[in-house]
Amino acid sequence: MRIATWNVNSAKQRLPRMMPWLAERKPDVVCLQETKLSDVAFGELFGEPLAALGYEFAHHGEGQWNGVALLSRVGLVDVRPGFPGQPDFGGRSEARAVSATCGGIRVYSLYVPNGRVVGSDHYAYKLDWLDALAADVAAGPAELALCGDMNIAPSDADVFDPAAYVGQTHVTAPERERLAALGLTDVVRKRWPAERVFSYWDYRAGMFHQDLGMRIDLVLTSTSVADRVAAAWVDRAARKGTGPSDHAPVIVDLDEAPDGDIGPVVPPPSNPKRGGRTRLPQAR
DNA sequence: ATGCCTAGGTATCCTAGA
């Protein structure tokens with residue numbers, strides 16, 4: 001099963017990039033963020049083209065800002081917009097989370113608040129929002145994948161220049177502590193433990209061309225899901241060319257779930273003709 | 001240079017993104 005997450009920065013503007021990408025990458029489940037559409041507008045724009053590719057969808061939007069969606073062709077059940085205890089901002093609930101069960105996994109599409117300025121009301125909102133999310137995750141099912149624009153770089157390795165981010169949101173200890181407190185596995189970092197991997201590059205000043213970015217779009221899974229990861233990567237090709245989002249998709253491939261009937265995995269017997277261990281060729 | 005893009009909405013500039 002292939003799961004992808006992509007902050008598209010306006011689904012309406014990105015439609016010419018999204019549909020060919022879906023046809024090429026063929027993800028089974030897609031988490032979208034920053035659709036910037038109402039539910040009605042998303043359905044009008046994407047309903048028919050998604051159905052033609054075999055996707056069901058669940059969209060949770062406002063219109064102007066935010067907006068998240070789930071696309072699936074492996075089932076889409078128990079759809080839930082938002083999560084219990086999700087805080088408001090400015091007295092209004094924002095469309096930043098939608099979850100559903102797809103292919104046996106509880107999948108969340110998340111657009112974590114930006115935080116704007118450290119110490120601001122929006123920053124406090126971001127931390128509260130993450131606390132409430134952690135409480136929901138702790139109460140949730142074991143097969144879990146939190147996907148989306150977390151607006152947090154998990155470590156200094158996830159920004160192009162840590163010195164440039166001192167005092168900025170996305171890198172502060174309170175944000176990182178809350179990300180870690182979710183208790184999930186960052187499957188792209190696990191797969192590429194020491195590599196330079198970014199998922200967002202500012203549109204300005206040739207940042208993408210110079211690979212000056214941040215890794216803030218994450219797939220965080222429970223251990224049972226992390227153990228099935230066969231591939232995990234950032235699809236940088238989707239950030240190239242004409243009219244891209246400023247974020248690239250993150251793609252994760254999972255092996256089939258163990259069905260419980262195959263019994264313990266037994267290592268193959270050694271070859272008796274060789275009398276034990278196979279030896280590597282020896283250097284002279 | 002607190003900018004350099006991009007998007008949405010209202011309107012020909014503002015907010016927001018990160």
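All values below come from the heavy atoms of this structure, side chains included, with hydrogens, waters and symmetry mates left out. Order of the sequence lines sets the chain letters (A, B, ...), proteins ahead of strands, with each chain counted from 1.
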Under the rule for salt bridge (charged side-chain N to carboxylate O under 4.0 Å, His left out), what residues qualify as partners of A:Asp39, not counting sequence neighbours? none
Say we look at B:dT10 and B:dA16: how far apart would their P atoms be, to the nearest angstrom? 14 Å
Salt bridge (charged side-chain N to carboxylate O under 4.0 Å, His left out) filter on A:Arg17, not counting sequence neighbours, yields none
Between A:Trp129 and A:Tyr111, does the ring centre distance come in under 6.0 Å? no
Check salt bridge (charged side-chain N to carboxylate O under 4.0 Å, His left out) between A:Asp202 and all other residues, then give those that pass, not counting sequence neighbours. A:Arg204
Rounded to whole Å, how long is the line connecting atom CE of A:Met18 with atom P of B:dA7? 14 Å
For residues 131-147 of chain A, which residue pairs pass the salt bridge (charged side-chain N to carboxylate O under 4.0 Å, His left out) check, not counting sequence neighbours? A:Arg80-A:Asp136, A:Asp131-A:Arg178
In whole Å, measure the gap between the C1' atoms of B:dT2 and B:dA18 for me. 14 Å
Could you give the distance separating B:dA1 and B:dA11 at their C1' atoms, to the nearest angstrom? 27 Å
Would you mind building the protein contact string for nucleotides 8-18 of chain B? One character per nucleotide, 5' to 3', B for base within reach (heavy atoms under 4.0 Å), S for sugar-phosphate only, - for untouched. SS-----BSSB
With sequence neighbours excluded, residues passing ring-ring contact (aromatic ring centres under 6.0 Å, His included) with A:Tyr200: A:His247
Atom-pair distance (CD on A:Gln33; C1' on B:dA7), nearest Å: 17 Å
Starting from P on B:dA7, measure out to CD on A:Glu62 and report it in whole angstrom. 19 Å
